[in-house]
Asker: 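My questions will all concern the structure given below.
It should be emphasised that the depicted structure is a prediction, and the values quoted were computed from it without experimental measurement. Only this structure's heavy atoms are used, side chains among them; waters, hydrogens and symmetry mates stay out. As the structure lists them, so they are numbered: ligands from 1, and atoms in each ligand from 1.
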Amino acid sequence: MEVNQLPILSNVQVSARYWHMVVSAPGLVNRIQPGQFFNILCETTFPFLRRPFSIYRINKEEETIEFLYLVQGDGTKKMTEFKAGEKVDVFGPLGVGFTLEKDWETVLLLARGVGIATLAALAQEASNQNKKCIAILSARSHNDLLATETLQGLGAEVYKVTEEDGNSGVEYVEQLIENILAEQRVDAGFTCGSKRLSKLLQAVTRKYIIPSQIALEEHMACGMGACFACVCDIRSENATQSVRVCTEGPVFDLDKVVMA
Ligand code: FES
């Protein structure tokens with residue numbers, strides 16, 4: 001991990017609440033795993049705010065990385081002021097990313113909100129490895145389902161559920177997953193972006209004994225294991241262990257995560 005000043009190629013608003021930033025990262029693109037994150041310096045004057053952002057897309061041919069981010073606080077508001085041609089200070093890649101086992105043929109992604117961006121990078125890697133990807137994307141509204149076309153472009157079978165359509169409740173999503181599992185074999189599950197959907201996936205994958213992983217989105221400060229702002233509980237053999245999401249995660253075995 002390292003700090004880099006990366007040239008911004010574009011930084012544009014793509015919906016009411018989301019922005020998309022593309023940066024040139026020739027030295028980094030081959031060293032990033034989906035699920036890892038960068039700590040980006042959002043506020044370049046005091047108090048020098050850094051915020052964690054997962055990677056949305058890695059373009060190895062053009063040597064760029066992309067971030068799809070939700071504007072929701074001071075840091076992300078400042079980021080919207082970044083202009084193409086300027087440089088952005090990024091620290092990373094940080095943390096442990098997703099694992100895709102060689103013999104997995106079909107994977108199920110369950111993502112909500114900005115978690116969709118995190119799983120989009122995984123869908124890209126799954127597609128590179130010729131794995132089939134089934135994605136259930138949940139959001140407040142259709143406007144927030146930004147990665148749908150990206151995922152479909154990667155060949156994913158996409159199901160959309162939104163509050164707007166009244167079909168994003170846990171019971172509906174549970175039935176949707178049950179239907180998918182009744183029709184086809186799924187080798188692994190992945191989730192990000194919603195506690196209630198993560199709990200659901202944890203329950204379903206336990207029931208069907210399917211390995212599953214989660215990218216946790218804890219509040220982070222240093223991003224490098226020093227401040228313990230990001231601690232969560234993980235079950236080990238017979239005990240519960242507190243771990244730092246920024247260094248031991250953010251990706252964990254979903255079965256082991258203690259859901260609050
Ligand atoms: Fe500081 Fe994880 S954010 S230890």
Asker: With atoms numbered from 1 as shown, which atoms in ligand 1 lie under 4.0 angstrom from a non-hydrogen atom of A226?
Answerer: 4 (S)
Asker: Pull out every atom of ligand 1 sitting under 4.0 Å from any heavy atom of C246, numbered as shown with elements.
Answerer: 2 (Fe), 3 (S), 4 (S)
Asker: I'd like to know if the side chain of E86 and the backbone of K83 have a donor-acceptor N/O pair within less than 3.5 Å.
Answerer: yes
Asker: Do D165 and K160 sit within salt-bridge range, that is, some charged N less than 4.0 Å from a carboxylate O?
Answerer: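 Salt bridge flag = no for K160 with D165.
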Asker: Is a side-chain N or O of S212 found less than 3.5 angstrom from the main chain of A188, in a donor-acceptor match?
Answerer: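 Judged by distance alone, no pair lies under 3.5 Å.
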Asker: Examine Y56 together with H20 and report whether their ring centres are nearer than 6.0 Å.
Answerer: yes
Asker: Quick test: of every protein heavy atom, which one is nearest to atom 4 (S) of ligand 1, and how far off is it to 0.1 Å?
Answerer: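 Residue, atom and distance for the closest contact: F228 N, 3.1 Å.
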Asker: N/O/S atom of C227 under 2.8 Å from atom 2 (Fe) of ligand 1, yes or no?
Answerer: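 Within the cut-off used here (under 2.8 Å), C227 places no N, O or S atom near atom 2 (Fe) of ligand 1.
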Asker: Let me check your reading of the structure: within less than 2.8 Å of atom 2 (Fe) of ligand 1, is there an N/O/S atom from C230?
Answerer: yes
Asker: Could you list the atoms of ligand 1 found under 4.0 angstrom from a heavy atom of G223?
Answerer: 1 (Fe), 3 (S)
Asker: When the ring centroid of Y18 is compared with that of Y69, is the distance short of 6.0 Å?
Answerer: no
Asker: Verify, without hydrogens or angle tests, whether Q202 (side chain) and V257 (backbone) share a donor-acceptor contact under 3.5 angstrom.
Answerer: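 Here the side-chain-to-backbone pair exists.
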Asker: Please list, in number order, the atoms of ligand 1 under 4.0 Å from a heavy atom of A221.
Answerer: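 Answer, ordered by atom number: 3 (S).
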